[in-house]
Amino acid sequence: MSIHQALTIAGSDSGGGAGIQADLKTFQELGVYGMSVITAVTAQNTAGVQGVYPVEMAGVIRQLDSIGEDLAPDAVKTGMLFSADIIREVAQAVRRYGWRQLVIDPVMVAKGGSVLLQQQAVQALIDELLPLAAIITPNVPEAELLTGMTIRTLAERKQAARQLVAMGARCAVVKGGHDLSTNQAVDVMYDGERFHYTESPRIDTPHTHGTGCTYSAAITAELARGSDMLSAVRTAKAFVQAAIADGLGIGSVHGPTNHFAYRRKGAVL
Ligand SMILES: Nc1ncnc2c1ncn2[C@@H]1O[C@H](COP(=O)(O)OP(=O)(O)OP(=O)(O)O)[C@@H](O)[C@H]1O
Ligand SMILES: Cc1ncc(CO)c(N)n1
């Protein structure tokens, strides 16, 4: 039996809703074998982030090489990378091992405000990693920091997606999860030639912890399975929509989404 394989390079979320844990659950639900490189351990629950403990550089490098020397992920995603040093090592590994299908979720700040990417690392992300991306999936605040633009309107989101492609990503999605002005969650994708919109009804819920991680992990899993980019983005949207709609009701504040929901709905893999 041959199995599709995906790698996530991200932080651990002890609460299980975001980060490495969300990624591996999503890979599993989409029928893909998951591997991980852990950049930082976070102490986290549905109330917020109580602590961030970066893994020492030698440990990050060793994990990257242990995978690269032996395994061959069909697609790779990055989430919380924390520092410029980690970003440089990840970029080197991506080049050294020829990981072509790279999904960058430029995680910067947790919903409660905790810093998951040091401010001085943003430039390294732009210079070193972004040009290697098959796709980058910022939310609006992240797209603003990456492009230097102020983004309020749909036209500005389109312009930001176009600029991210001009900066070197092969494709960009600017997500609309933070746009409370409409009752649709509209994501804008630019593939270097044209724009595509994926939209779904906005669900009124506080339980959206890990939506961004889950979404980018689903894109990664679909790319690993051989999907083209537009199909991968559409499936990921359906996956995260089902996961938000069918929340688990776990924890006291911002609960996780339901990674089981998409498959339980009868989605055919
Ligand atoms: N309330 C919602 N209802 C429906 N879809 C949503 C909602 N919130 C987010 N989404 C969708 O979930 C996906 C992830 O987007 P979001 O903007 O939440 O990412 P994010 O801010 O990076 O997440 P995170 O806070 O986990 O980092 C997008 O497809 C977005 O449109
Ligand atoms: C480890 C980790 N990665 C990403 C996010 C963003 O949701 C988070 N809260 N925690």
Side-chain angles (χ1 to χ4, degrees), residues 8-24 26 36-55 77-82 103-117 135-146 151 154 157 173-189 196-219 232-247 251 253-258 261-262:
T8 169
I9 304 170
S12 166
D13 168 9
S14 54
I20 289 281
Q21 287 78 0
D23 295 343
L24 292 177
T26 303
S36 63
V37 167
I38 300 185
T39 57
V41 171
T42 71
Q44 219 177 141
N45 57 27
T46 68
V49 180
Q50 290 82 40
V52 174
Y53 310 92
V55 170
K77 75 156 269 191
T78 63
M80 173 186 181
L81 294 174
F82 191 65
V103 177
I104 300 181
D105 181 7
V107 170
M108 293 182 185
V109 180
K111 281 199 172 88
S114 296
V115 172
L116 303 179
L117 181 72
I135 185 167
I136 186 163
T137 63
N139 59 29
V140 165
E142 291 159 355
E144 289 188 321
L145 264 168
L146 290 170
I151 305 170
L154 185 65
R157 253 189 289 149
V173 173
V174 180
K175 296 173 293 190
H178 293 244
D179 178 6
L180 300 176
S181 67
T182 77
N183 58 5
Q184 293 287 308
V186 185
D187 304 334
V188 176
M189 170 179 169
H196 304 275
Y197 304 93
T198 40
E199 57 187 284
S200 54
R202 167 179 302 288
I203 301 157
D204 186 15
T205 171
H207 304 308
T208 54
H209 179 66
T211 48
C213 305
T214 300
Y215 173 74
S216 54
I219 295 176
V233 164
R234 286 189 171 141
T235 299
K237 183 72 170 167
F239 188 96
V240 76
Q241 182 74 7
I244 300 169
D246 199 7
V253 190
H254 295 294
T257 65
N258 181 354
Y262 182 72

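Both ligands and their constituent atoms are indexed starting at 1 by order of listing. What you see is a predicted model, and the numbers here were worked out from it, not measured in a lab.
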Look at [atom] and say which protein heavy atom is nearest, naming residue and atom and giving the distance to 0.1 Å.
atom                    : answer
atom 1 (C) of ligand 2  : G11 O, 3.4 Å
atom 15 (O) of ligand 1 : K175 CD, 3.5 Å
atom 6 (C) of ligand 1  : I244 CD1, 3.4 Å
atom 12 (O) of ligand 1 : V240 CG1, 3.7 Å
atom 1 (N) of ligand 1  : I203 O, 2.9 Å
atom 24 (P) of ligand 1 : K111 NZ, 3.5 Å
atom 5 (C) of ligand 2  : L116 CD1, 3.6 Å
atom 18 (O) of ligand 1 : T211 OG1, 2.8 Å
atom 4 (C) of ligand 2  : C213 SG, 3.6 Å
atom 21 (O) of ligand 1 : H178 NE2, 2.6 Å
atom 26 (O) of ligand 1 : G212 N, 3.0 Å

Min N/O separation D105 to ligand 1 under 3.5 Å: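 There is no such contact.
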Test your reading of the structure: does D187 have an N or O sitting under 3.5 Å from an N or O of ligand 1? yes
Polar contacts were defined as any N/O atom of the residue lying under 3.5 Å from an N/O atom of the ligand; does this apply to Q44 and ligand 2? yes
Give, for atom CG of D13 and atom CD of Q21, the distance between the pair rounded to the nearest 0.5 Å. 5.5 Å
Nearest heavy atom to atom 11 (C) of ligand 1: which of Q241, K237, E142 does it belong to? K237
Taking non-hydrogen atoms only, is H209 closer than 4.0 angstrom to ligand 2 via side chain, backbone, both or neither? side chain
For D105, the option from D23, T137, V173 that meets side-chain contact (heavy atoms from CB on, under 4.5 Å):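 Single side-chain contact (heavy atoms from CB on, under 4.5 Å) partner of D105 among D23, T137, V173: T137.
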